[in-house]
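Heads up: the structure comes next, in structure tokens.
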Amino acid sequence: MSVEPLDFERIEKKWQEKWEKEHVFDATPDEREKFFLNIPYPYMNGFLHIGRLFTYLRGEVLARYKRMKGYNVLFPFAFHCTGSPIVNAARRIANGEQKQIAILRNMGVEDELIPRFADPEFWTQYFPEKTTEHLKSMGMSIDWRRSFITTSLNPHYDAFIKWQFRKLKEGNFVIKGAHPVIWCKECQNAVSDHSRLEGEGETPQEFTLLKFAFGDGYIIAATLRPETVYGQTNIWVDPDYEYVRARVGGEEWIISRECAEKLSDQEKDVEVIGSVKGRELIGHTARAPAIEKNIIILPSAFCDPCKGTGIVTSVPSDAPDDWIGLHDLQNDPEELEKYGLSHEDIASIEPIAIIRSKGWGPLPAKEICEKMGIESQLDREKLTKAKKEIYKSGFYTGVMNDNCGEYAGMSVEDAKEAIKQMLIDQGRADKMYEPSGEVVCRCLSPCTVKIVRDQYFLAYGDPEWKEKTHQALDRMELYPPLIRKQFEYVIDWLNNWACTRKVGLGTTLPWDEEWMIESLSDSTIYMAYYTIAHKIDEIDPADVDDAFFDYVFLGIGSAKDVASRIKKDASFVEGLRDEFNYWYPFDLRTSGKDLIQNHLTFCLFNHTAIFPPHHWPRAMGVNGWLMIDKEKMSSSKGNVYTSCDVCERYGTDVVRIGLMYSGEGVDDPNWETSFVETMGEKLSSWYHFATTMYGTGRRGEMQFIDLWFETVMLSIMKDVEEALEGMMYRSAIQRGYFDLHRALKWYQRRTADHHCELMDRFIEVQTQILSLFCPHVAEEIWEAIGMDGFISVSEWTSPWKAPDETMIYAEEFLKSVIDDIKEIIRVAKIEQPSNVYIYTSPQWKWEAARVAQEEGDMKSAMARLMQDEDMRKHGKKVSKFLASVMKHKSAAHDIDECGILNEAKQFIETEVGAPVTIDSDYDPESKREHAQPGRVAIYIE
RNA sequence: GCGGGGGUUGCCGAGAUUGGUCAAAGGCGCAGGGCUUAGGACCCUGUCUUGUAGAAGUUCGUGGGUUCAAAUCCCAUCCCCCGCACCA
């Protein structure tokens with residue numbers, strides 16, 4: 001069958017225009033049952049790649065299915081602009097940064113437009129516009145009238161978010177506190193991830209400051225591992241560095257100058273009053289916290305004044321740096337001499353084993369240095385790796401030794417917190433923050449950590465709120481169901497969330513306008529906004545106030561009052577309220593699995609805070625991350641395809657079905673290029689088949705094989721519906737396309753002359769199933785075969801009767817007979833069979849098999865059968881047969897084997913290429929004996 | 001370490017909640033044949049090993065166990081992936 005390829009581009013355009021012109025996907029409340037589904041709006045700093053598309057298509061397919069099932073489907077879309085990435089990128093363009101310009105250019109932005117991207121607002125126009133265009137060209141069945149952008153650039157949405165936050169505040173869901181942020185001293189501003197030259201993803205990390213009593217004051221050492229204080233043997237300083245004496249909260253501290261500056265940003269009163277050179281401290285002792293022993297101060301090369309206090313406590317048992325530092329010093333008489341240290345004293349310092357952890361002996365630091373061949377404290381790279389490894393196993397598997405006072409036997413994980421707290425309570429320790437890695441601001445200054453006061457938090461840590469959110473989760477359906485545990489875990493684990501920022505686009509916090517609401521916090525209940533988004537623009541934004549939202553979303557107040565505030569009729573206001581009530585709650589929100597731990601759970605939390613239970617979400621779904629030919633998408637691999645890339649290349653329908661076939665569930669789906677490449681031809685071929693076969697064929701009563709085909713169809717249709725309801729699209733395509741097509745092929749093989757009505761029904765069903773994935777080609781076929789209206793809104797064909805399973809068994813039986821004959825011919829290397837004899841099982845074996853199944857054991861079955869006189873005639877054969885039935889436990893289906901074979905005699909003959917005789921008396925090799933129910937005997941000559 | 005998910009025949013991926021019909025669907029790839037001017041299209045056949053009668057033998061991360069029977073249940077063990085936060 002040679003097939004002319006379809007002109008996908010023409011077909012796509014044609015139907016997209018028609019859909020748009022006739023507003024096929026615009027959703028308006030009516031008497032039908034509604035189905036409201038949505039997907040998290042994307043952030044508007046670029047075009048969509050096919051990973052995103054995959055997620056969106058999962059919503060899209062369900063929207064199409066539900067629509068055809070008769071639901072009034074609302075499937076909206078919007079654009080997220082909140083946060084700093086856009087602002088930062090715009091600034092980079094304004095500064096003429098080539099890297100950023102190249103990013104835009106590579107996306108396909110025209111050169112002459114690039115200067116306009118210096119203005120953040122332009123991003124919020126350009127990308128939503130382009131994204132809309134792209135999604136329309138993907139054939140997404142979205143109600144575009146309801147789209148919007150976020151931030152104050154959209155005053156209506158801005159008012160909505162302000163209303164939401166006032167509600168949250170009223171309900172005491174917003175609390176206030178101090179919060180460490182990455183900070184640029186130069187810019188006097190918090191430095192968000194995307195404003196960094198280096199250090200994306202680094203966050204403030206808490207160090208414990210240990211106070212070593214020294215003279216009238218303290219030497220301060222910073223550590224990430226307060227639990228190791230029991231293993232302290234000495235203190236490290238940089239001999240050549242000049243430390244400062246500083247007055248900190250009434251005490252005198254010796255710390256690095258850099259540290260003193262940082263501490264002043266961390267809620268400490270710091271006054272530098274003098275200085276002291278590192279070498280002046282060497283050889284002296286200071287009293288160590290926890291162990292309350294005097295330990296000696298020694299020189300080292302690895303003290304970094306920019307990190308912590310520039311002074312380090314030494315735990316050679318568990319810190320590779322300390323171990324190797326000590327080791328170096330002990331073997332360097334010159335150095336000892338230089339600082340007037342006693343060789344004996346230093347040599348006598350030994351590591352103290354304090355933690356036992358999995359896979360390590362008592363002194364892990366020593367062990368790993370030896371294992372990795374670390375020979376000097378200057379071997380920074382290896383040491384960093386060693387530290388990481390020791391820390392991980394120590395922290396997670398370690399248990400404190402008996403020499404750790406009251407913490408003996410405690411896990412390191414618990415002891416760390418406990419010991420730190422104890423030291424702080426005793427006044428022997430304090431805290432400071434450092435970035436978890438090097439962070440450089442775009443102004444080229446290195447960043448530090450500042451504790452910001454008056455930070456607002458959403459109180460996700462509140463147990464009552466958690467409880468309510470658990471209730472919401474319990475009422476919700478999840479796709480796939482196994483993600484429920486993950487959600488439960490996240491609800492419990494989530495803590496207070498810093499919900500305001502100083503920079504970026506967004507909505508200001510209504511009661512404290514210095515603050516901007518952060519992007520994960522202004523996107524939690526906006527699904528409600530979709531229900532009125534297409535009408536709210538009619539109102540002057542200045543008039544949109546809390547009373548308006550109170551009425552529309554919560555039914556508080558009166559329509560009349562609201563109407564006069566917004567200068568509209570009461571009926572308009574009531575209409576909005578009705579529309580919200582009609583669509584809400586949403587029936588499904590679906591997204592990538594990464595959003596479980598933030599957005600989706602936030603969404604749930606916020607719904608419980610603001611809406612009554614009957615407006616809480618009904619279902620959420622997630623999916624994995626799209627892989628491209630088994631590889632992660634990444635710009636370095638150059639396999640980040642945008643929707644335009646692939647659609648131009650393969651055609652939209654092919655891309656759609658390729659994506660939907662790539663996987664389901666939470667596992668990462670895999671886009672297979674080789675599969676996609678074959679799909680276009682398959683679609684073309686289906687178009688030609690459907691359009692030429694429709695309305696052809698024989699009429700009148702159905703024959704066996706017609707009924708068989710009908711049964712298979714019905715059975716597949718049932719499975720497809722089930723798969724679709726569970727968002728298992730790969731399975732749906734598997735059954736609804738590949739399996740269905742296989743059935744068609746067999747049907748055609750079995751009968752040269754198909755039944756007209758049945759074939760028509762088949763073409764309709766197959767095209768409808770395909771229409772979810774490949775709507776353009778499907779519409780084209782629908783039109784070509786003369787159906788009225790759009791297939792997109794046609795009534796879904798459900799199974800019109802229950803499938804008759806025996807039909808399927810019967811045909812399976814026939815296939816197995818043919819396969820057996822062919823196998824015999826093959827294995828016996830029969831050149832050209834002249835005659836094929838088939839013998840069906842004698843009646844008594846059917847009877848015996850039936851009894852065997854009923855009785856369940858050999859003995860009683862035999863006993864019962866032997867009561868029958870006819871049975872007794874076969875005597876020994878019966879027992880032999882029974883034994884084999886029992887052994888295989890194979891139950892044959894009760895079908896008329898002889899009838900089936902006779903009906904298909906001609907077909908068998910063509911398949912095996914020889915005349916066939918059924919149940920002949922001619923049986924030269926006594927094959928007949930071997931026949932059993934479900935398994936004929938065969939003789940070939 | 002904790003929480004979650006996995007390890008299936010060349011690759012991808014079903015099957016596991018209800019043990020047998022599982023040498024294990026389907027897709028892709030590969031091989032042979034048909035159709036054909038040709039075919040990367042389409043259709044058929046094969047694709048763990050052996051095999052002159054439809055069979056047998058070894059397979060479902062590894063090692064045990066339960067059972068007449070295990071990819072499926074139990075125990076142990078190894079390995080992989082994701083998250084562990086303020087990041088859109």
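Quick note on labels: first sequence line is chain A, next is B, and so on, each numbered from 1.
Using bins of under 30°, 30° to 60° and over 60° for the plane-to-plane angle, the ring pair A:F77/A:Y56 lands in the perpendicular bin. Relative ring orientation between A:Y489 and A:W493 is described as parallel, the plane-to-plane angle staying below 30° on a 0-90° scale split at 30° and 60°.
Taking a pair to require two hydrogen-bonding distances under 3.5 Å in either a Watson-Crick or a G-U wobble arrangement, B:U59 remains unpaired. In this structure B:C84 sits in a base pair with B:G1, meeting the Watson-Crick or G-U test at under 3.5 Å.
In this entry the distance linking CZ of A:R826 with P of B:U45 reads 12 Å, nearest Å. As a whole-Å value, the separation of A:W671 CH2 from B:G13 P is 16 Å. In this structure, CD1 of A:I825 is placed 17 Å from C1' of B:G51, rounded to the nearest angstrom. Rounded to whole Å, the distance from CG on A:L626 to C1' on B:C12 is 14 Å. Following rounding to the nearest Å, A:M660 (CE) and B:C12 (C1') show an atom-to-atom distance of 17 Å. Separating the NZ atom of A:K927 from the C1' atom of B:A55 is a distance of 12 Å, rounded to the nearest angstrom. As rounded to whole Å, 15 Å separates atom C1' of B:C35 from atom CD of A:Q748. One can place NZ of A:K815 at 14 Å from C1' of B:C44, the figure rounded to the nearest angstrom.
Distance check on atom P: B:G51 versus B:C74 gives 40 Å, rounded to whole Å. Taking atom C1' in both B:A24 and B:U8, one finds a spacing of 9 Å when rounded to whole Å. Look at the C1' atom in both B:A14 and B:C28: the space between them is 15 Å, to the nearest Å. With both ends at atom C1', the span from B:G64 to B:U17 equals 25 Å, rounded to whole Å. For the C1' atoms, the distance linking B:G34 with B:U49 amounts to 29 Å, nearest Å. Separation of the P atoms belonging to B:U9 and B:C84 is 31 Å when rounded to the nearest angstrom. B:G63 and B:C78: their P atoms are spaced 15 Å apart (whole Å). When the C1' atom is compared between B:G32 and B:C81, the two are found 40 Å apart, to the nearest whole Å.
Between A:I938 and A:E911, it is A:E911 whose nearest contact on RNA chain B lies nearer the 5' terminus. In terms of position along RNA chain B, the nucleotide closest to A:W625 lies nearer the 5' end than the nucleotide closest to the other residue of the pair A:W625 and A:P42.
Of the candidate nucleotides B:G54, B:G51, B:A85, B:G51 has the atom nearest to the side chain of A:V827. Checking B:A88, B:G4, B:G5 against the side-chain heavy atoms of A:D667 singles out B:G5 as nearest. Side chain of A:Y489, nearest nucleotide from B:A53, B:C2, B:A88: B:C2. Checking B:A85, B:U45, B:C12 against the side-chain heavy atoms of A:N495 singles out B:A85 as nearest. Residue A:K485 has its side chain nearest to B:G4 when only B:A41, B:G4, B:G54 are considered.
If you check distances only, the side chain of A:R52 does reach the base of B:A88 with a donor-acceptor pair under 3.5 Å.
Side chains of A:Y460 and A:N606: a donor on one and an acceptor on the other come within 3.5 Å. A donor and an acceptor atom, one from each side chain of A:E811 and A:W746, are located under 3.5 Å apart.
Inter-residue side-chain proximity for A:E664 and A:N623 is flagged as unmet; no heavy-atom pair is nearer than 4.5 Å. Contact annotation: the side chain of A:V449 never approaches that of A:V181 to less than 4.5 Å [non-hydrogen atoms, C-beta and beyond].
Residues satisfying the ring-ring contact (aromatic ring centres under 6.0 Å, His included) criterion with A:Y43, sequence neighbours excluded, are absent altogether. A:R656 pairs by the side chain to side chain donor-acceptor pair (under 3.5 Å) definition with A:E60, not counting sequence neighbours. For A:K593, the side chain to side chain donor-acceptor pair (under 3.5 Å) partners two or more places apart in sequence, or in a different chain, are A:D668. By the side chain to side chain donor-acceptor pair (under 3.5 Å) test, A:N495 pairs with no residue at all, sequence neighbours left out.
Between A:R935 and B:A55, a side-chain N or O to OP1/OP2 separation shorter than 4.0 Å is present.
Of the residues in residues 593-605 of chain A, A:Q597 come within less than 4.0 Å of RNA chain B through at least one heavy atom, sorted by number.
Aromatic ring centres of A:F79 and A:Y41: separated by at least 6.0 Å. Aromatic pair A:W671/A:F54: ring centres not closer than 6.0 Å.
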Spell out protein contact along nucleotides 23-30 of chain B as letters: B when the base is contacted, S when just the sugar-phosphate is, - when no protein heavy atom is under 4.0 Å; keep the 5' to 3' order.
-> --BBBS--
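Residue A:I830 is out of contact with every strand shown, counting any heavy-atom pair closer than 4.0 Å. Within 4.0 Å of A:V666, counting heavy atoms only, lies no atom of the nucleic acid at all. Nucleic acid contact class of A:V936 (heavy atoms, under 4.0 Å, all strands): base. Across all strands, A:L482 comes closer than 4.0 Å only to sugar-phosphate atoms, never to a base (heavy-atom distances).
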